[in-house]
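From a predicted model like this one, the values you see are computed outputs, not experimental measurements.
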Amino acid sequence: VQLQASGGGLVQVGGSLRLSCAVSGRSFNDYHVGWFRQAPGKEREFVAAASRRMTYTNFADSVKGRFTISRDNAKKTVYLQMNSLKPEDTALYFCAADSGSWITGIITRANVWDFWGQGTLVTVSS
């Protein structure tokens with residue numbers, strides 16, 4: 001499975017961006033999908049995740065109400081819509097895929113995800 005993230009860029013505070021992650025390889029429907037981010041000097045942190053059929057979603061408290069996650073299984077693509085962006089959202093954003101079970105308290109851990117894409121940089125200027 002290969003993941004290719006795109007859509008990052010420079011945006012002003014309060015603006016919006018939509019990140020995309022194209023997934024190739026085995027059946028996209030077999031995987032939960034998620035987004036993590038890593039700011040300079042900080043550890044990678046969970047942002048959002050969606051289960052195989054969007055039955056479940058999970059968001060970090062810091063992005064709830066501002067970010068949404070969606071997936072198009074026909075296009076094998078997952079999206080992260082980011083609204084009301086803040087300077088603290090500045091980070092390298094990574095998409096990930098996982099073939100395991102959905103456990104809400106576990107899915108936020110980076111080490112349970114099987115596959116990762118390269119990052120796409122989001123910079124929010126004030």
field: Separation between NZ of Lys64 and OG1 of Thr57, rounded to the nearest 0.5 Å
entry: 9.5 Å

Gln12, CD: over 12 other non-hydrogen atoms inside 6.0 angstrom: no

- request: Walk me through it: do Val23 and Tyr31 pass the test side chain to side chain contact (heavy atoms under 4.5 Å, CB included)?
  value: CA-CA 10 Å; Val23 182; Tyr31 295 92; 5.7 Å; no

Pairs of donor and acceptor atoms involving the side chains of residues 2-9, under 3.5 Å and at least two apart or interchain, shall be tabulated with distances.
none

Residues in side-chain contact (heavy atoms from CB on, under 4.5 Å) contact with Ala49, at least two apart in sequence or another chain: Phe46, Trp102, Ile107, Trp113

- request: Could you check Leu85 against Phe67 for side chain to side chain contact (heavy atoms under 4.5 Å, CB included), going step by step and ending with a plain yes or no?
  value: CA-CA 9 Å; Leu85 283 162; Phe67 290 11; 3.8 Å; yes

task: Test the Arg18-Tyr79 pair against the cation-pi criterion, namely NZ or CZ under 6.0 angstrom from the six-membered ring centroid and within 45° of the ring axis.
output: yes

message: Among residues at least two apart in sequence or on other chains, which ones pass salt bridge (Lys or Arg N to Asp or Glu O under 4.0 Å) with Asp89?
response: Arg37, Arg66

- prompt: Of the non-hydrogen atoms in Asp30 and Arg52, which two are nearest, and what is the gap between them?
  reply: O-NE, 2.7 Å

Ser24 side chain reached by Lys76 side chain, heavy atoms, under 4.5 Å: no

task: Working to the nearest 0.5 Å, report the span between CD1 of Ile69 and CG of Asn58.
output: 9.5 Å

- request: For residues Ala48 and Phe59, report the shortest heavy-atom separation together with the two atoms involved.
  value: CB-CD2, 3.5 Å

field: Sole candidate of Val122, Leu17, Leu121 that passes side chain to side chain contact (heavy atoms under 4.5 Å, CB included) when paired with Tyr93
entry: Val122

Test item: Thr77 side-chain N/O and Ala22 main-chain N/O as donor-acceptor pair under 3.5 Å: no

Intermediate values then yes/no, side chain to side chain donor-acceptor pair (under 3.5 Å), Ser99 and Asp114: CA-CA 7 Å; Ser99 60; Asp114 298 325; 2.7 Å; yes

- prompt: Just how far is it from atom CG of Leu80 to atom OG1 of Thr68, taken to the nearest 0.5 Å?
  reply: 7.0 Å

message: If you compare all heavy atoms of Thr108 against all heavy atoms of Gly105, which two are closest, and at what distance to 0.1 Å?
response: OG1-O, 3.7 Å

message: Run Trp116 and Arg44 through side chain to side chain contact (heavy atoms under 4.5 Å, CB included) and show every step you take.
response: CA-CA 12 Å; Trp116 292 86; Arg44 191 169 299 191; 3.3 Å; yes

